[in-house]
Amino acid sequence: MAGTITPEKVRELWDAPTPTAVIDRGEDLAPVTKDDLAALADQIDTDDHGRPLADQWDVLADQLNSDEAESPAGPAADVLQAVEDARRYRDKVKADADEEFNSLIRSAMLNRKTTKVKVAELEKAADLSRSRLYQIRDGRR
């Protein structure tokens, strides 16, 4: 069973003779490979041969264990899910409102003769430039 990654486990993986050796972190997290350690070693103090210094094994273990916090559970997951749901809802409402607004602009632009709305008045009411009004009318953007 996977658990907390210790400095000893990190050192064992580093010294493992096979390039395919890994540290199993359980079903929810990808295993740690020798390549992962090599990438992390670029961020710590190493000797002339690229091997982590004695006090850096703890740093590597802490970095690998902090990856476990990437997938929050419990109250944090609930809050993050609520924020994500609210963002999606906001995006949908905004898209719907934009489409309704653009539809009104198209209608106003196409029916100017019957409604007697001048483009300059529509510019002011919509707070848009003349060119933007024509873009919306023509469905160009």
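Atom set for the values below is all heavy atoms of this structure, side chains included, hydrogens, waters and symmetry mates excluded.
- Between R51 and D15 the shortest heavy-atom distance is NH1-OD1, 2.6 Å.
- Two residues are said to be in side-chain contact when any heavy atoms from C-beta on lie closer than 4.5 Å; K118 and K124 fail this criterion.
- Residues L104 and I136 are members of separate hydrophobic clusters, defined by side-chain heavy-atom contacts under 4.5 angstrom among Ile, Leu, Val, Met, Phe, Trp and Tyr.
- Note: E12 CD to I23 CD1 = 8.0 Å, rounded to the nearest 0.5 Å.
- Here the closest heavy-atom approach between residue V22 and residue L13 is recorded as N-CD1, 3.6 Å.
- A pairwise comparison of heavy atoms in E121 and K116 identifies OE1-O, 4.2 Å as the closest pair.
- Legend: side-chain hydrogen bond (donor to acceptor under 3.5 Å, both in side chains) pairs involving residues 103-114, not counting sequence neighbours, sorted by first then second residue: E99-R106, S107-N111, R112-Y134.
- Panel note: side chain N65, backbone I5; a donor-acceptor pair is recorded below 3.5 Å.
- Using a distance-only test at 3.5 Å, with no hydrogens or angles considered, a donor-acceptor pair links the side chain of D47 to the main chain of H49.
- Distance alone, capped at 3.5 Å, is enough to place a donor-acceptor pair between the E123 side chain and the R130 backbone.
- Of all the heavy atoms in A21 and A16, the pair that sits closest is CB-CB, 3.6 Å.
- No more than 12 heavy atoms of other residues, nucleotides or ligands lie within 6.0 Å of CG in D127, so this atom counts as exposed by the packing criterion.
- Side-chain contact between L128 and L122: absent, with no pair of heavy atoms (C-beta onward) separated by less than 4.5 Å.
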Between L40 and V59, is a side-chain contact (heavy atoms from CB on, under 4.5 Å) present by the stated rule, with each step listed?
-> CA-CA 10 Å; L40 288 174; V59 174; over 6 Å; no
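- Looking at every heavy atom in both residues, P31 comes nearest to D36 through O-OD2, 3.5 Å.
- Rounding to the nearest 0.5 angstrom, the gap separating the CD1 atom in I105 from the CG atom in L110 is 11.0 Å.
- Contact check on K9 versus D24 returns no salt bridge, with no Lys/Arg side-chain nitrogen under 4.0 Å from an Asp/Glu carboxylate oxygen.
- Among residues two or more places apart in sequence or in another chain, the salt bridge (Lys or Arg N to Asp or Glu O under 4.0 Å) test is passed with E100 by none.
- Under a hydrophobic clustering in which Ile, Leu, Val, Met, Phe, Trp and Tyr are joined whenever their side-chain heavy atoms come within less than 4.5 Å, directly or via other members, L64 and L53 fall into different clusters.
- Within the 4.5 Å cutoff, side-chain heavy atoms of L60 are placed close to those of W57.
- Remark: S131 OG to R140 CZ distance equals 8.0 Å, nearest 0.5 Å.
- In plain terms, the two heavy atoms of P52 and W14 that are nearest each other are CD-CZ2, 3.4 Å.
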